[in-house]
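To start, the structure under review is shown below, and the notes come after it.
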Amino acid sequence: MKSSVRITRGVESLFGTRDENIRLIEAGLNVHAQLVDNNLEIEGEPDCVSRAEHILEDYNRLLREGHIFNNGDLNSYLRVVTNDPEVSLHKLVQSGKQRNFGKKMLAPKTVNQRRYLEAIERNDLVFGVGPAGTGKTYLAVAMAVSALINKQVSRIILTRPAVEAGERLGFLPGTLQEKVDPYLRPLYDALYDMLESERVEKLLERNTIEVAPIAFMRGRTLNDSFIILDEAQNSTSEQMKMVLTRQGFNSKMVVNGDITQIDLPTGRRCGLIDAIEVLKGVEGISFVQFDERDVVRHTLVQRIVKAYERYNECMGAGRQLTLPIEQAEPAPQA
């Protein structure tokens, strides 16, 4: 079957860098597409051609409504709609409403990113579990900044274990703060992306925003706070329980991690895996599972994540962990 959809504007955005968006549609739907005089001719099986038509019609509709696709956004959306026939491009973009995070306007780029933000809004404790590059840390910091700006909380606490690929703090030069700062750099990077540098510095000086290793949380009660535990797969069971029980009144906590990148010494139990197993069914806690389809970095990162998953399955090294997550409702067709 052959069909044709007219593309009156936004051809460059539709095709993407080195035609990566069109190649994604072709590979995902098993069709062949060719631009002829502003008409994109699509050839393939009837059902596949029909799905491609709907995607392109949604693209035209979004442009007419004034939507602007920033660099890489369309590619992320296309990865979702080509993998899931129940999701339309228009509904995906529209349901992922833009939100104001300091100096940033952001919209979730995948279904799971949208579920993650909605879970943080609804629940006081959220676990985000999945591979690198899926936006777990970035979106959690964005939600924390938004809560602080809107005076929903009075401070932000950002923490992560100081354990990375066998490194030990004692071998690093400098003061304690200088030793731990490299481990906390991704949290600082997200903050500076959301707020002006001067404002971040003032908030850090006043301890309105606190960035600290996990050991600094012991013995505290964190009221009126937005707490983020990042790289939680490198926390021990004892550390995880300690942090989870720090949460005070009018506080939210987000715990993020990737159970395929555990750097704990041999014999130490992973606090993230234990917490997921222990807290199944506890009311008020939400679990969001990310996968390679949610990777929003370079498209090569998505393929790297998938390759490692296949390798671990073949070697029998990957630990299977079923999260207590409700199935996402499929987005209705536009």
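Not measured: the values here are computed from a predicted model.
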Exercise for the section: Could you tell me whether a side-chain N or O of Gln113 sits under 3.5 Å from a main-chain N or O of Thr134, the two making a donor and an acceptor? Expected result: yes
Problem - Val49 side chain reached by Glu43 side chain, heavy atoms, under 4.5 Å - result: no
Handout entry: Pairing of Glu45 and Arg51 as salt bridge, 4.0 angstrom limit
Key = no
Practice task
Show the numbers, then the answer: is there a side chain to side chain contact (heavy atoms under 4.5 Å, CB included) between Leu244 and Val255?
Solution key: CA-CA 9 Å; Leu244 293 177; Val255 178; 4.0 Å; yes
Problem - Whether Asp58 side chain and His90 backbone form a donor-acceptor pair below 3.5 Å - result: yes
Exercise for the section: In sequence, state the C-alpha distance, the side-chain angles, and the governing distance for Ile42 and His32, and then conclude on side chain to side chain contact (heavy atoms under 4.5 Å, CB included). Expected result: CA-CA 6 Å; Ile42 310 161; His32 175 71; over 6 Å; no
Problem - Short side-chain to backbone donor-acceptor contact, Asn21 and Leu14, under 3.5 Å - result: yes
Exercise for the section: I would like to know whether Ser13 and Leu74 meet side chain to side chain contact (heavy atoms under 4.5 Å, CB included); could you show each step before the answer? Expected result: CA-CA 8 Å; Ser13 175; Leu74 182 59; 4.2 Å; yes
Handout entry: Worked verdict on Ser154 versus Thr208 for side chain to side chain contact (heavy atoms under 4.5 Å, CB included)
Key = CA-CA 7 Å; Ser154 62; Thr208 302; over 6 Å; no
Practice task
Keeping the roles fixed (side chain from Asn83, backbone from Arg79), state whether a donor-acceptor pair exists under 3.5 Å.
Solution key: yes
Handout entry: Side-chain heavy-atom pair Val211, Leu204 within 4.5 angstrom cut-off
Key = yes
Problem - Sub-4.5 Å side-chain heavy-atom contact between Ile276 and Leu279 - result: no
Practice task
With the side chain counted from C-beta on, respond yes when Tyr192 and Arg199 share a heavy-atom pair under 4.5 Å apart, and no when they do not.
Solution key: no
Practice task
Please answer whether the main-chain N or O of Leu125 pairs with a side-chain N or O of Asn123 as donor and acceptor at a distance below 3.5 Å.
Solution key: no
Practice task
Side-chain contact test, heavy atoms from C-beta onward, threshold under 4.5 Å: evaluate it for Phe226 versus Ile120 and give yes or no.
Solution key: yes
Practice task
For Asp294 and Asp291, indicate whether the former's side chain and the latter's backbone hold a donor-acceptor pair under 3.5 Å.
Solution key: yes
Problem - Ion pair Arg61/Glu57, N-O distance below 4.0 Å - result: no
Practice task
Mind listing the closest non-hydrogen atom pair of Met240 and Ser235 along with its distance?
Solution key: CE-OG, 3.5 Å
Handout entry: Audit row: Asn60, Arg64, side chain to side chain donor-acceptor pair (under 3.5 Å) steps and yes/no
Key = CA-CA 6 Å; Asn60 281 333; Arg64 289 196 302 270; 5.5 Å; no
Practice task
Without swapping roles, check the side chain of Ser251 against the backbone of Phe249 for a donor-acceptor pair under 3.5 Å.
Solution key: yes
Handout entry: Point-to-point distance, once rounded to the nearest 0.5 Å, from CZ of Arg269 to OG1 of Thr236
Key = 11.0 Å
Practice task
Find the distance between CZ (Arg206) and CD (Glu201) and round it off to the nearest 0.5 Å.
Solution key: 12.0 Å
Handout entry: Residue pair Val200 / Tyr188, side-chain heavy-atom distance below 4.5 Å
Key = no
Problem - Val278 with Val282, same ILVMFWY side-chain cluster at under 4.5 Å - result: yes
Fill in the blank from the handout: Output for pair (Asn112 CG, Leu139 CG), nearest 0.5 Å, gives 11.5 Å
Exercise for the section: Check Glu121 against Lys252 and note the closest heavy-atom contact, atom names and distance. Expected result: O-NZ, 3.4 Å
Exercise for the section: If the plane angle is over 60° it's perpendicular, under 30° parallel, otherwise tilted; pick one for Phe287 and Phe127. Expected result: parallel
Handout entry: Expected output: side-chain Thr245 to main-chain Lys241 donor-acceptor under 3.5 Å
Key = yes
Problem - Validation row: Glu238, Arg268 side chains within 4.5 angstrom (heavy atoms) - result: yes
Problem - Residues Tyr138 and Asp189: side-chain donor-acceptor under 3.5 angstrom - result: no
Exercise for the section: Enter the distance from Leu89:CG to Thr82:OG1 here, rounded to the nearest 0.5 Å. Expected result: 10.5 Å
Handout entry: Flag, side chain of Ser286 to backbone of Val126, donor-acceptor distance under 3.5 Å
Key = no
Problem - Asn234 side chain to Ala232 backbone, donor-acceptor under 3.5 Å - result: no
Problem - Minimum heavy-atom distance Leu272-Asp258, with the two atoms named - result: CD2-N, 4.3 Å
Problem - Contact check, side chains of Val141 and Leu191, non-hydrogen atoms, under 4.5 Å - result: yes
Handout entry: Distance (rounded to the nearest 0.5 Å) between Leu29 CG and His54 NE2
Key = 12.0 Å
Handout entry: Crowding at CG, Asn250 (>12 non-hydrogen neighbours, <6.0 Å)
Key = yes
Problem - Heavy-atom neighbours of Tyr308 OH exceed 12 at 6.0 Å - result: no
Problem - From CG (Asp124) to CD1 (Ile285), nearest 0.5 Å - result: 10.0 Å
Problem - Distance-minimising heavy-atom pair for Asn256 and Ala140 - result: ND2-CB, 3.8 Å
Practice task
Please report the closest heavy-atom contact between Arg155 and Leu148, naming both atoms and the distance.
Solution key: N-CD1, 3.9 Å
Completion exercise
Between Met217 and Ile157 the two heavy atoms that sit nearest each other are SD-CG2, 3.7 Å
